[in-house]
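A short write-up of the structure that comes next.
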Amino acid sequence: MQKYVLSELDSGERVISEKVPSVRSVSLGFWIGAGSRDERPDRAGVSHFIEHLLFKGSRSFDAQQIAETFDAMGAELNAATSREHTVVYSRVPDRHVETALQVMTDMVFAPAFAELDQEREVVLEEIAMYDDTPGELVHDLFSEAVFGTHALGRPVIGTAEVISTVSRRAISGYHRAMYTGANIVVSAAGNITHDRLVELLQRYERQSAAPEPRKPHLRKPLAQAPPPGVRFQRKDTEQYHLCIGAPGIARTDRRRFAASLLDGILGGSASSRLFQEIREKRGMAYAVYSFASQYTDTGLVGIYVGTREENIAPCVEICSEQIGELAAGRFRNGELDRAKESLKGRITLSMESTSNRMTRLGKALISDSELLTFERIIAEIDSVDEDALAELAGVLLSSDQLSAAGVGPDEEKFREAVQHANANLVARAAA
């Protein structure tokens, strides 16, 4: 049975909670439907910048008070920005929930946007750090290769050009437009009742200026992904860092369960095909894995490998070969059953964490996804068969759909290698 309780405040803000009486903690999350895909090109990175600034002081608390308050409680306080949402989250001892909500509410709804220039420098350093980390940089290049000039192709962290010049007025305007009632979800899991959570939120939001009851922000859907692309950035690195992949499926697509199993079989685990074939059997890479992201209207699936120059072409050949094997339905004995048990086991273990429970509730609501029972999720996983996996592999990862991105010392070597994934890719890029 589902144990969560859902209600809506007068502002349109949704509140969802799940009581877990066996623990002495509460995980809290403020989820805002504002991510990098919601920004104009000349505001790229402002969602992430605001995430930073929320910690720099609010109407009632300065930055040091915020930090000292959570340290004194032995609590965690953090935040994250993605392409479609921002979340401020905490895990606190249950006796300190009232204090945590008071501070978090003020941070989210009444930020002072203090120390703007100091924090601007911090974000610029973060951008520089990513630029110096090729294993991270290649993923941003890959998103651009797949989605082109669409906002989904831009780095979540933003660009140095925008962060260096964006004004306080522009930041405040974006905050007013996006941090509104219908665009916010508060989720909680742990030793707290729903009525108590709602009571505290209403009390502290009145003090902090409650969010305006505007209509929810409506995202313009991606009508169609651009043709496959290729991106490369030259760096004097010991390894080449390479991603190949294509648009994926939306988070509401029922095939998402098959996609998770496909990811586990292809490269998402230690027993996966790519990990075994490339790392364990041939020793051609230390890091190799597949990955998948799901958005409102599309997604992203891909493979990453970091390897030396002499290995990049063989690694891409192996990736293409294994994709072809899966698309042809040539599964190994017990492979799908093992992937199912692995996925079900990871979900089961995740439910023992109040943080994961809170995230599950908040992410489902902020993304307008169906909140399935644990039993329904297990049934959906069990219902996936080999034919469904083979069909999905053929649709998502067909060679003519694959884009590629790379970081390394020689672009020509990279382009020669990715031809083994999509023979038309390099010719199309050069045209």
Of all heavy-atom pairs linking Ile192 and Val97, the shortest is CD1-CG1, 3.6 Å
Could you tell me whether Arg332 and Glu386 have a side-chain N and a carboxylate O separated by less than 4.0 Å?
no
For residues 66-77, the salt bridge (Lys or Arg N to Asp or Glu O under 4.0 Å) pairs (sequence neighbours left out) are Glu76-Arg91
Who are the salt bridge (charged side-chain N to carboxylate O under 4.0 Å, His left out) partners of Arg154, not counting sequence neighbours?
none
Below 4.0 angstrom, N of the basic side chain to O of the carboxylate: do Arg273 and Glu335 qualify?
yes
Can you name the residues that form a side chain to side chain donor-acceptor pair (under 3.5 Å) with Tyr240, not counting sequence neighbours?
Glu309
Does this structure show an ion pair linking Arg282 with Glu277, if we count only N-O contacts that are shorter than 4.0 Å?
yes
Give me each pair satisfying salt bridge (Lys or Arg N to Asp or Glu O under 4.0 Å) with a member in residues 16-38, each pair once, sequence neighbours excluded.
Glu18-Arg357, Arg24-Asp94, Arg37-Glu84, Arg37-Asp297, Asp38-Arg219
Determine, for Asp368 against Arg14, whether the closest basic-nitrogen to carboxylate-oxygen distance falls under 4.0 angstrom.
yes
Write out all pairs satisfying salt bridge (Lys or Arg N to Asp or Glu O under 4.0 Å) with one or both partners inside residues 387-397, taking only residues at least two apart or from two chains.
none
Any salt bridge between Asp62 and Lys56, counting N to O under 4.0 Å?
no
Could you pull out all residues at least two apart from Tyr204 that satisfy side chain to side chain donor-acceptor pair (under 3.5 Å)?
Glu98
N-O pairing of Glu341 and Arg338 below 4.0 Å
no
Do Val88 and Leu54 have side chains that approach each other closer than 4.5 Å (heavy atoms only, starting at C-beta)?
yes
With a 4.0 Å cut-off, would you call Arg256 and Asp253 a salt bridge?
no
Do the rings of His85 and Trp31 sit parallel, tilted or perpendicular, given the 30° and 60° boundaries?
tilted
Distance-only polar pair, side chains of Ser369 and Ser367, donor-acceptor under 3.5 Å
yes
